[in-house]
Amino acid sequence: MKYSEQTQDFFEQVYQVVRLIPKGRVTSYGSIAKALGTPKSSRIVGWAMNASHKHPDIPAHRVLNRNGLLTGKMHFESPTRMQELLEKEGVKVEKDKVVDFQRLFWDVQEELGKGM
DNA sequence: AGCTTGACTTTGA
DNA sequence: GTCAAAGCCAAGC
């Protein structure tokens, strides 16, 4: 069995996946949503991240949009905090965009599918 | 109760 | 390739 039933909070599932993202890798909201079985709920993932501030360890800086753009950088402690965190993990960021995003992309559906 | 907004994605032009 | 519009679900007003 993958995750719990959908009766559990969608946010918890999102957080769980985000925490599993390897250091130096990134993913998109859509991939997480799809991994949870609701690809249309990509926006909900964003909401989850918005609420992730009340959580201790949520590497939200590893979660970007489909274009690899740091869309939520303005919601961090500082607008530049997200980029700094990514660069500190070895991820190069150019103009609020992750360099070689496609290469650093961490497919949740695949990784979790073959890992679990 | 309803309407608007939002850290998104996909499809159509 | 880009730009505009629709769809989606949850939280906030």
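Labels below follow one simple rule: chain letters A, B, ... track the order of the sequence lines, proteins then strands, and each chain is numbered from 1.
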Round to the nearest Å and state the distance from A:Phe11 atom CZ to B:dC8 atom C1'.
14 Å
Whole-Å distance between C:dG12 P and A:Asn50 CG?
8 Å
Go through the steps for A:Met49 and A:Ile58 under the test side chain to side chain contact (heavy atoms under 4.5 Å, CB included), then give the verdict.
CA-CA 8 Å; A:Met49 309 299 350; A:Ile58 304 294; 3.4 Å; yes
Please evaluate the base of B:dA7 for a donor-acceptor partner in the side chain of A:His61 within a cut-off of under 3.5 Å?
no
In this structure, how many angstroms lie between the C1' atom of B:dT9 and the CZ atom of A:Arg66, rounded?
8 Å
Among A:Val14, A:Val63, A:Val18, the one residue meeting side chain to side chain contact (heavy atoms under 4.5 Å, CB included) with A:Tyr29
A:Val63
Crowded around A:Lys92 NZ? As in, over 12 foreign heavy atoms under 6.0 Å?
no
Within one Ile-Leu-Val-Met-Phe-Trp-Tyr cluster: A:Trp106 and A:Val98, side-chain cutoff 4.5 Å:
no
Just N and O in the side chain of A:Thr71: are any of them under 4.0 Å from OP1 or OP2 of B:dC8?
yes
So what does A:Ala48 hit on the nucleic acid, given a heavy-atom distance under 4.0 Å: a base, only sugar-phosphate, or nothing?
nothing
Are A:Phe11 and A:Val45 connected, step by step, through hydrophobic side chains (Ile, Leu, Val, Met, Phe, Trp, Tyr) whose heavy atoms are closer than 4.5 Å?
yes
Please answer whether the main-chain N or O of A:Ile21 pairs with a side-chain N or O of A:Arg62 as donor and acceptor at a distance below 3.5 Å.
yes
Rounded to whole Å, how long is the line connecting atom NE2 of A:His53 with atom C1' of B:dA7?
8 Å
Confirm from the modelled atom types if A:Ser42 and B:dC8 form a donor-acceptor pair under 3.5 Å, side chain to base only.
yes
Give the rounded distance in Å between these two atoms: CZ of A:Phe76 and P of B:dA7.
12 Å
Please answer: with hydrophobic residues joined when any side-chain heavy atoms are less than 4.5 Å apart, are A:Phe105 and A:Val93 in the same cluster?
yes
So the stems of DNA chain C, runs of at least three Watson-Crick or G-U pairs (under 3.5 Å), are B:2-6 with C:9-13, B:8-13 with C:2-7
A:Ile44 CD1 to B:dC8 C1', straight-line distance once rounded to whole Å
9 Å
Using a 4.0 Å heavy-atom cut-off across all strands, classify A:Ser28 as base, sugar-phosphate, or nothing.
sugar-phosphate
How many Å lie between CE on A:Met74 and C1' on B:dA7, as a whole number?
8 Å
Find the distance A:Leu69:CG to C:dT2:P and express it as a whole number of Å.
13 Å
C1'-based separation of B:dA7 from C:dC3 [nearest Å]:
22 Å
Of A:Lys34 and A:Trp47, the one whose closest DNA chain B nucleotide lies more 5'
A:Trp47
Base C:dC8 to side chain A:Arg43, donor-acceptor N/O within 3.5 Å cut-off
yes
